[in-house]
Amino acid sequence: MAMHLGRLTAGPCWLAARGGCGELRSWSLRCAAGRFCRPPGTACPEQSRGLGYGPTAGGGPRLRTGLAAGLAGLAGLAAAAFGHMERAEMVSKSSGPPSPSPGRPEEEDDELARRCSCFMASPVTDLHELRRRPGDMKTKMELLILETQAQVCQALAQVDGGARFSVDRWERKEGGGGISCVLQDGNVFEKAGVSISVVHGNLSEEAAKQMRSRGKKLKTKDGKLPFSAMGVSSVIHPKNPHAPTIHFNYRYFEVEEADGNKQWWFGGGCDLTPTYLNQEDAVHFHRTLKEACDQHGPDLYPKFKKWCDDYFFIAHRGERRGIGGIFFDDLDSPSKEEVFRFVQSCTQAVIPSYIPLVKKHCDDSFTPREKLWQQLRRGRYVEFNLLYDRGTKFGLFTPGSRIESILMSLPLTARWEYMHSPSENSKEAEIVDVLRHPRDWVH
């Protein structure tokens with residue numbers, strides 16, 4: 001069951017008035033409860049020096065397969081990758097803030113309630129549990145992905161000016177669940193999905209075997225291996241062929257061994273897929289991501305940019321899905337807090353890297369030929385996601401997977417033509433050349 005945001009009584013207003021895309025009207029940052037939400041992308045993360053990557057990630061673009069790949073695609077797919085899920089009916093947010101927890105200062109409880117009142121839906125984890133472990137990385141990451149989801153949806157709704165996000169809350173029988181927010185057939189966006197998942201339970205024997213085959217030394221107790229996984233993922237497809245598609249995903253994974261030792265790592269990335277090449281847009285997107293990475297080390301952006309170009313490669317076409325961005329996995333050093341701050345910086349770069357491009361192009365004029373080319377390029381997007389994306393493939397071949405969340409990334413429309421080839425020296429041929437030969441956009 002999907003619930004439209006217009007029916008939520010305790011969340012933010014996600015509809016915004018729109019004149020032209022280049023002239024958006026002001027929108028309120030107030031939540032329904034009268035509290036102010038932080039504007040998207042305005043948080044100032046702490047700077048960290050010398051962020052590195054552990055031995056499992058230090059070898060460059062050595063990509064994970066199997067279980068971790070279940071998180072590399074869609075958030076929500078994480079739950080699909082670890083057993084059967086059941087779709088629960090939509091549960092609306094409570095009409096008022098929860099009562100303070102015994103033994104905790106009331107102002108701390110109010111702060112958590114203020115944060116939660118700005119989310120698309122209440123957290124997957126019970127608020128009492130979140131209050132019990134405020135410094136735990138699972139709590140911090142869940143709040144970050146919920147905040148990212150809300151801020152991105154708010155920014156997209158403002159640009160679209162009329163369409164509604166449906167909010168689909170689902171539960172996983174083995175533990176946890178997720179929230180999928182999808183906008184379809186809007187004024188600006190053909191389809192925009194922003195999904196989060198927070199799941200936990202015991203790894204299956206097959207999953208544990210796959211992890212061991214990649215060098216993980218995991219000690220089970222009575223054949224069980226507890227895990228926690230959470231992430232946010234989004235794919236946004238505008239209607240106008242001059243406005244690019246974006247994908248981003250940021251995730252955290254934790255496994256607890258029999259002796260109590262915990263192995264953890266972060267992964268994620270953000271990449272852009274334009275139909276036509278716009279040099280200024282490409283530079284803006286990559287420069288924004290580079291600035292986020294540079295706060296934590298000068299070597300991060302070039303490494304993760306190359307990793308992104310290598311990952312999003314459509315082998316049977318000999319071209320990339322788009323013009324890249326950043327991609328990383330197995331990030332587990334120098335410390336959990338430092339890597340978290342890096343991921344936080346990356347999430348805060350999504351809106352400023354992308355929204356200006358949509359505002360710039362959403363009212364551009366276009367021809368039927370340009371719309372046709374957009375549909376053909378979307379066909380390539382579908383090919384990569386179904387044939388090569390590790391998360392999508394793992395979910396589709398996992399019994400009990402949640403197909404709607406897995407396929408949220410696909411556009412509403414796409415096209416394939418037999419033996420289609422762009423004309424020489426055309427704008428279409430220009431983008432294909434870039435997809436076959438990745439460029440350095442920031443130097």
Side-chain angles (χ1 to χ4, degrees), residues 73-74 184-193 234-248 269-283 285-286 305-306 308-325 327 354 357-358 360-393 396 403 406-441:
L74 302 174
Q184 294 185 149
D185 286 322
N187 294 329
V188 173
F189 301 106
E190 180 180 283
K191 186 178 182 183
S234 176
V235 178
I236 302 163
H237 296 288
K239 288 184 172 181
N240 195 304
H242 297 292
T245 287
I246 192 177
H247 156 262
F248 71 86
C270 183
D271 60 282
L272 196 70
T273 304
T275 301
Y276 288 96
L277 179 64
N278 183 296
Q279 298 269 359
E280 187 178 82
D281 293 353
V283 170
F285 180 76
H286 278 267
K305 193 268 186 188
K306 183 181 186 305
C308 185
D309 289 336
D310 291 340
Y311 177 73
F312 291 103
F313 181 65
I314 309 174
H316 66 279
R317 299 288 190 181
E319 60 191 43
R320 276 77 188 166
R321 188 177 74 177
I323 62 169
F327 179 90
Y354 181 64
L357 307 185
V358 179
K360 175 181 174 182
H361 295 294
C362 63
D363 281 334
D364 286 359
S365 61
F366 57 88
T367 66
R369 171 182 168 177
E370 290 170 332
K371 187 65 178 178
L372 173 65
W373 179 245
Q374 180 195 51
Q375 298 301 296
L376 293 170
R377 294 312 310 173
R378 284 184 175 170
R380 297 289 205 271
Y381 205 93
V382 172
E383 288 176 26
F384 176 85
N385 283 24
L386 295 182
L387 296 177
Y388 298 105
D389 185 76
R390 296 172 294 135
T392 302
K393 289 176 63 178
L396 291 176
I403 301 302
I406 297 169
L407 299 182
M408 185 190 72
S409 65
L410 301 183
L412 286 183
T413 60
R415 185 181 179 93
W416 286 264
E417 287 190 4
Y418 182 71
M419 296 297 289
H420 182 277
S421 180
S423 302
E424 189 175 356
N425 298 322
S426 64
K427 292 189 298 181
E428 292 78 13
E430 179 185 34
I431 186 66
V432 171
D433 181 69
V434 171
L435 299 177
R436 290 175 178 171
H437 307 96
R439 297 182 185 176
D440 181 352
W441 299 103

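FYI, the numbering just counts along the sequence from 1.
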Worked check of ring pair (Phe, Tyr, Trp, His ring centres under 6.0 Å) between Phe312 and Tyr381: CA-CA 10 Å; Phe312 291 103; Tyr381 205 93; 8.5 Å; no
Leu407 and Leu386: CA distance, side-chain angles, deciding distance, side-chain contact (heavy atoms from CB on, under 4.5 Å) verdict: CA-CA 9 Å; Leu407 299 182; Leu386 295 182; 4.0 Å; yes
Donor-acceptor under 3.5 Å (Asp309 side chain, Arg320 main chain): no
Spacing of CG belonging to Leu435 relative to CZ belonging to Phe313, to within rounding of 0.5 Å: 11.0 Å
Glu190 side chain vs Leu412 backbone, donor-acceptor pair below 3.5 Å: yes
Contact summary for Cys270 and Phe285, nearest pair of heavy atoms: SG-CZ, 3.8 Å
Approximate separation, where rounding is to 0.5 Å, of Leu410 CG and Thr392 OG1: 7.5 Å
The single option from Glu428, Arg439, Lys427 passing side chain to side chain contact (heavy atoms under 4.5 Å, CB included) against Leu277: Arg439
Distance, nearest 0.5 Å, that separates CZ of Phe189 from OG1 of Thr245: 10.0 Å
Check: Phe248 and Leu272 side chains under 4.5 Å, non-hydrogen atoms: no
Atom pair CG (Asp271) and CZ (Arg321), whose distance is rounded to the nearest 0.5 Å: 4.5 Å
Asp281 side, atom CG; Tyr354 side, atom OH - distance, nearest 0.5 Å: 10.5 Å
Test side-chain contact (heavy atoms from CB on, under 4.5 Å) applied to Ile431 and Ile323, step by step: CA-CA 9 Å; Ile431 186 66; Ile323 62 169; 4.3 Å; yes
4.5 Å side-chain heavy-atom contact, Thr273 and Arg380: no
Donor-acceptor contact present, side-chain Lys239 to main-chain Asn187, <3.5 Å: no
Heavy-atom check, side chain of Val358 versus side chain of Ile236, under 4.5 Å: no
Expected output: side-chain His286 to main-chain Ala282 donor-acceptor under 3.5 Å: no
Intermediate values then yes/no, side-chain contact (heavy atoms from CB on, under 4.5 Å), Val235 and Met408: CA-CA 8 Å; Val235 178; Met408 185 190 72; 5.7 Å; no
Heavy-atom pair with the smallest gap, counting every atom of Ile314 and Glu383: CG2-OE1, 4.4 Å
Derivation of the side-chain contact (heavy atoms from CB on, under 4.5 Å) call for Trp441 and Gln279: CA-CA 8 Å; Trp441 299 103; Gln279 298 269 359; 3.3 Å; yes
Over 12 non-hydrogen atoms of neighbours within 6.0 angstrom of CD in Glu280: no
is_close_aromatic(His247, Phe327), centroid dist under 6.0 Å: no
Heavy-atom donor-acceptor pair, Ser234 side chain to Gly193 backbone, under 3.5 Å: yes
Minimal non-hydrogen separation, Gly325 against Cys308, with atom names: N-SG, 3.4 Å
Of Glu370, Gln374, His361, the residue whose pairing with His242 passes side-chain hydrogen bond (donor to acceptor under 3.5 Å, both in side chains): Glu370
Heavy-atom pair with the smallest gap, counting every atom of Pro422 and Val432: CG-CG2, 4.3 Å
Backbone of Ser409 reached by a side-chain donor or acceptor of His237 within 3.5 Å: yes
Which atom of Pro274 lies closest to which atom of Pro244, heavy atoms considered: CA-CB, 3.8 Å
Separation of Trp373 CH2 from His420 NE2 (nearest 0.5 Å): 6.0 Å
Contact summary for Pro411 and Arg378, nearest pair of heavy atoms: CB-CD, 3.8 Å
Residues, nucleotides or ligands: over 12 heavy atoms within 6.0 Å of Arg317 CZ: yes
